[in-house]
There are 2 protein chains.
Amino acid sequence: MLSKKCKYAIHALVYLAERYQQGPVHIQEIADAQRIPKKFLEAILLELRNAKVLHSKKGKGGGYYLYKKPEDVNLIEIIRLMDGAIAMLPCVSLNYYEPCEECKDEKTCGIRDSFLGVRDETLRILSESTLAKIVKRERVLSKK
Amino acid sequence: MLSKKCKYAIHALVYLAERYQQGPVHIQEIADAQRIPKKFLEAILLELRNAKVLHSKKGKGGGYYLYKKPEDVNLIEIIRLMDGAIAMLPCVSLNYYEPCEECKDEKTCGIRDSFLGVRDETLRILSESTLAKIVKRERVLSKK
DNA sequence: AAATAGTATACTTATTCTATAGACTATAAG
DNA sequence: CTTATAGTCTATAGAATAAGTATACTATTT
């Protein structure tokens, strides 16, 4: 399961993607709209800013705004930033690889293969899921 | 990531699957072979026994043994028993469904779809991964 | 009867998650 | 140039969960 932090991040980013290129959005507005504790949201947006996904503008009329294009931010990137590894086992993780303590020999491990498959499919689906696609999908769904 | 408990369970079950229909295996033997703390393993095997995956025999010469056939136990079942939901969001979980607190309206949520896809693929791959297949795979791999 | 081995409950410890507090810094506007 | 606004940063507190341990009990086999 994704952490709350990660879910908050996704919702905040979708919110900002809906307002892409419409100027900075005040953090309090995002917190209110998405019902996210403001201080918690601050920490999240700060991380996203350090990862160059967002930019911020200080002072009156300031706030956060999407730096990358909505079609260039996908769910994989967000999840990795917030929750870390995507894989269900450390030994099949691309970015957070670690040998399994439990395994004697990775090469003859019959368990790995299944989880490699899961990781590949997860990666495929979630990297195709960009903020642009999510916003588009919401617009289509809400018009029905 | 899977919990240690879940990884231990998988390894213990694979160990028992390798010894299917060869009589009960003493818990200490499994603990030693897989380097699992014995007391922790007891709790795990007990749960698997209550779920009718394993049976046990008490007294001298007793131990645990696979009750279901190795081809009828898959990774999905084990993970569900040990860690709960497979899905990354509660609102796309089959067995542990809960509405998302974060969402206003599930029907117009653009995020859900992606995670539905991930869940389906994960389910497909892991339900095909039976203990029998894992054991077979290990035998093939170790002969190379 | 004695040894073996599984069953059950309770508890500890460590870690992570979620959330909050408060002081600080930069910017815009008057 | 002052004041209000709004983001930045560090620290920390409380709750929940995970991982492992201790102890007592019950059932079975020989």
Side-chain angles (χ1 to χ4, degrees), chain A residues 1-12 16 23-32 34-67 79 81-85 88 90 96 100-102, chain B residues 1-12 16 23-32 34-67 79 81-85 88-90 96 98 100-102:
Chain A
M1 285 278 176
L2 300 181
S3 69
K4 284 213 164 193
K5 187 181 172 189
C6 188
K7 291 187 220 166
Y8 287 158
I10 295 173
H11 283 277
L16 289 176
V25 180
H26 184 196
I27 194 169
Q28 188 71 60
E29 181 189 331
I30 309 174
D32 290 344
Q34 303 295 317
R35 277 169 289 156
I36 304 172
K38 192 192 161 198
K39 276 289 176 183
F40 199 14
L41 182 58
E42 275 183 15
I44 293 167
L45 296 185
L46 211 49
E47 270 188 67
L48 292 170
R49 182 183 157 277
N50 292 335
K52 314 277 189 217
V53 176
L54 304 176
H55 266 190
S56 59
K57 199 184 165 204
K58 290 190 175 186
K60 195 167 182 177
Y64 284 93
Y65 56 96
L66 214 54
Y67 176 54
I79 296 173
L81 280 169
M82 295 295 123
D83 285 0
M88 297 178 96
Y96 298 82
C100 257
E101 301 170 45
E102 289 78 17
Chain B
M1 286 278 176
L2 299 181
S3 68
K4 285 214 164 191
K5 186 181 172 189
C6 189
K7 291 188 220 165
Y8 287 158
I10 295 172
H11 282 277
L16 289 177
V25 181
H26 184 196
I27 194 168
Q28 188 70 60
E29 180 188 332
I30 309 174
D32 290 345
Q34 303 295 317
R35 277 169 288 157
I36 304 171
K38 191 191 162 198
K39 277 289 174 184
F40 200 14
L41 182 58
E42 276 183 14
I44 293 167
L45 297 186
L46 211 49
E47 270 189 66
L48 292 171
R49 183 184 157 278
N50 292 335
K52 314 278 188 217
V53 176
L54 302 177
H55 266 189
S56 59
K57 198 183 165 203
K58 291 191 173 185
K60 196 167 183 177
Y64 284 92
Y65 57 95
L66 214 54
Y67 176 54
I79 295 172
L81 281 169
M82 295 294 123
D83 284 359
M88 297 177 97
L89 289 180
Y96 298 82
E98 267 181 58
C100 257
E101 301 169 45
E102 289 80 15

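Below, chains carry the letters A, B, ... as their sequence lines are ordered, and counting in each starts from 1.
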For atom OH of B:Tyr67, is the number of surrounding heavy atoms from other residues, nucleotides or ligands below 6.0 Å larger than 12?
-> no
Give one of base, sugar-phosphate or nothing for B:Leu45, where a contact means two heavy atoms less than 4.0 Å apart.
-> nothing
Determine the contact category for B:Glu42: base if any of its heavy atoms lies under 4.0 Å from a base atom, sugar-phosphate if only primed atoms, P, OP1 or OP2 are that close, otherwise nothing.
-> base
Output all residues satisfying side-chain contact (heavy atoms from CB on, under 4.5 Å) with A:Gln28, sequence neighbours left out; order by chain, then residue number.
-> A:His26, A:Ala31, A:Asp32, A:Lys38
How far does [atom1] of [X] sit from [atom2] of [Y], to the nearest 0.5 angstrom?
X: A:Ile10; Y: A:Met82; atom1: CD1; atom2: CE; value: 9.5 Å
X: A:Lys7; Y: A:Asp83; atom1: NZ; atom2: CG; value: 10.0 Å
X: B:Leu16; Y: B:Ile30; atom1: CG; atom2: CD1; value: 4.0 Å

Nucleotide C:dC17, atom C1' - distance to CZ of A:Phe40 in whole Å = 7 Å
C:dA28 P sits how many Å from A:His26 NE2, rounded?
-> 15 Å
Partner set under ring-ring contact (aromatic ring centres under 6.0 Å, His included) for B:Tyr8, not counting sequence neighbours = B:Phe40
For the pair B:Glu101 and A:Arg35, find out whether any cationic side-chain nitrogen is under 4.0 Å from an anionic carboxylate oxygen.
-> no
Heavy atoms of chain B, cut-off under 4.0 Å: which first and last nucleotide of DNA chain D, 5' to 3', fall inside that, if you could look?
-> D:dA19 to D:dT29
Within residues 46-57 of chain B, the residues having a heavy atom closer than 4.0 Å to DNA chain D are B:Lys57
Can you list, pair by pair, the side-chain donor-acceptor contacts under 3.5 Å of residues 42-63 of chain B, counting residues two or more places apart and other chains?
residue : atom : partner : partner atom : Å
B:Glu47 : OE2  : B:Lys5  : NZ           : 2.7
B:Arg49 : NE   : B:Ser56 : OG           : 3.1
B:Asn50 : ND2  : B:Leu46 : O            : 3.4

Side chain proximity check, B:Met88 to A:Ile79, heavy atoms < 4.5 angstrom | yes
Mapping A:Cys6 and A:Gly61 to their closest nucleotides on DNA chain C, which lands nearer the 5' end?
-> A:Cys6
List for me each residue that meets side-chain hydrogen bond (donor to acceptor under 3.5 Å, both in side chains) alongside B:Glu98, sequence neighbours excluded, and say none if there are none.
-> none
What's touching nucleotides 23-26 of chain C from the protein side, N or O pairs under 3.5 Å?
residue : atom : partner : partner atom : Å
C:dA26  : O4'  : A:Lys58 : NZ           : 3.3

